[in-house]
There are 2 protein chains.
Amino acid sequence: MHNGHAALLSRSRAIPALPPEGSDRHVVAVDIALFTIQDESLKVLLVKRAVPPFPGWWSLPGGFVGRAESVDEAALRELQEETGITTVYLEQLYTFGDLDRDPRGRVISVSYYALVDWERFRLKAHSSAKGGAKPAGTRWFSVNRLPTVAFDHRKIVTSALERLRNKVNYTSAAFQLLPKKFTLSELQRAYEVILGQPLDKRNFRKKMLQLGILKDTRERQVEGRQRPARLYAFTEARVIKLQEKGIIVPF
Amino acid sequence: MHNGHAALLSRSRAIPALPPEGSDRHVVAVDIALFTIQDESLKVLLVKRAVPPFPGWWSLPGGFVGRAESVDEAALRELQEETGITTVYLEQLYTFGDLDRDPRGRVISVSYYALVDWERFRLKAHSSAKGGAKPAGTRWFSVNRLPTVAFDHRKIVTSALERLRNKVNYTSAAFQLLPKKFTLSELQRAYEVILGQPLDKRNFRKKMLQLGILKDTRERQVEGRQRPARLYAFTEARVIKLQEKGIIVPF
DNA sequence: TTAATAGTGTCTCTTAGACACTATTAT
DNA sequence: ATAATAGTGTCTAAGAGACACTATTAA
């Protein structure tokens, strides 16, 4: 649509060029905080840097935005290259634009956070990760016990966590961290590790079932020598808004 | 702090250069949706484009990010150049990174929204706007009656509005649209034009006063031939969080 | 005195949150 | 039978929202 206008206008008047190479052009990077739930705790994926700056330090997966890709595409590409994962919930977080973020020079970073369920990750991860650019190592870290990380990536993780904690309160984002079928106990544990708080079992189940977004699959999950749990599925394909209560919400 | 590390590391190992000029570097712009309340309606400031692309069309104030300024600084600078305003509430919104946003070529746009009160704007505006780059015209448009705008600026305004509507529900952002001293009726009208809904007077006043964030200035505002209204002031210097109720908020 | 806005309380209903026991299965 | 987790209901208190009249001033 904009291209249509452009074509139209360019016939009558020349379109001025953008700032030329070498003047006000910038290196733009993407950095992604990928979360999952594993061993009853919320984890974020870090990669070990092989080259300076910060060689040997842990950092978020990410890289430079190329010339022929959108910023979102760059984020997906980097995630795919460094983890092999292709289908994730991905959401833009914030753009960090200070001058001294990177010791190499001025780099503007568009940060994202992403959610995967642990099972899906284990299946796909590394099966298609790029050989040549393979990082020295990738590891999940509990968000409560992060190592020292490179650049301002600590700030990005903090900001992603804050967003995630807000988001699970009024959207169905938490479901992105679970497999397609899950028990209510698993769902509750997901909320608990995200929020960092224990929740009341009866109140939790009451609220979740009231929302009408869960489908009883009629299947059971046998996990040990105890009563098997019902498996539920989320009814929506996408992350949806569950409510929007505020101080003043006359909608 | 990162500079400290950089200095340390550069002594032992060379820091690789960023992508060179002319390869994967990008033009980065800022676009700002500046809101105010005027004549009982929520307005956004648009500027008339003097040069292609989209000559004669309305667009959001904005421009390219320079080499020696942070992205936030660029947003403030553009706002100052095009409106003369220096002190506003400014918050980053979203980064639009698609390839075909601009007919001139690939431009990544970091969008912001800003809030000013009409009185402050009338005093400062244009008193210090840059002469040379002065746009053909700037005008306030009611958000309900926007003209056709250039680029994807419609999307930016929509996104800014959505953010503003959410934000006033759980923070004190709406106060940024009012002068230092205001009546409760003015505050209510601000919420009404932002939300696009009438609100109940008694419930509104009850809730606002309960929050404990308003100081009675003991002054009155005489406005016509009716009972003068109390003038209140907001007790906080900054925008604060008023509440954070969600589905599950055990904090 | 009148026009015009400021200012004020109560009641109902919904919802949040505290709280403890029974059910079902594998071993 | 026992260990281990699944699953279930009630009560209370707080808050949201509906609703209408009196107060005060300038003109």
Euclidean distance, atom [atom1] of residue [X] to atom [atom2] of [N] [Å, nearest integer]:
X        : N      : atom1 : atom2 : result
B:Phe204 : C:dA6  : CZ    : C1'   : 14 Å
A:Asp216 : D:dA6  : CG    : P     : 15 Å
B:Asn203 : C:dC11 : CG    : C1'   : 12 Å
A:Arg227 : C:dT24 : CZ    : P     : 6 Å
B:Glu223 : D:dA27 : CD    : P     : 12 Å
B:Arg220 : C:dT5  : CZ    : P     : 18 Å
B:Arg230 : C:dT8  : CZ    : C1'   : 12 Å
A:Arg202 : C:dC21 : CZ    : C1'   : 8 Å

Check this for me: does any side-chain nitrogen of one of [X] and [Y] sit under 4.0 Å from a carboxylate oxygen of the other?
X        : Y        : result
B:Arg77  : B:Glu73  : no
A:Asp117 : A:Arg120 : yes
A:Arg163 : A:Glu91  : yes

Reckon B:Ser185 has a side-chain N or O less than 4.0 Å from the OP1 or OP2 of C:dT5?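 So the side chain of B:Ser185 is outside the cut-off, no N or O lying under 4.0 Å from OP1 or OP2 of C:dT5.
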[N] base to [X] side chain: any donor-acceptor pair below 3.5 Å?
X        : N      : value
A:Lys207 : C:dA16 : no
B:Arg225 : C:dA4  : no
B:Lys206 : C:dT10 : yes

Please collect all ring-ring contact (aromatic ring centres under 6.0 Å, His included) contacts where either partner lies in residues 205-228 of chain B, sequence neighbours excluded, each pair once.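 Every candidate ring-ring contact (aromatic ring centres under 6.0 Å, His included) pair involving residues 205-228 of chain B fails, so no pair, neighbours aside, qualifies.
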Go nucleotide by nucleotide along DNA chain C from the 5' end; which of B:Asp200 and A:Gln226 gets its closest nucleotide reached first?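 Upstream on the strand: B:Asp200.
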Does B:Arg139 make a cation-pi contact with B:Phe141 (under 6.0 Å, within 45 degrees of the axis)?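 Pair B:Arg139/B:Phe141 counts as cation-pi.
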Tell me what A:Arg205 touches on the nucleic acid: a base, only sugar-phosphate, or nothing, going by heavy atoms under 4.0 Å.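 The residue A:Arg205 makes base contact.
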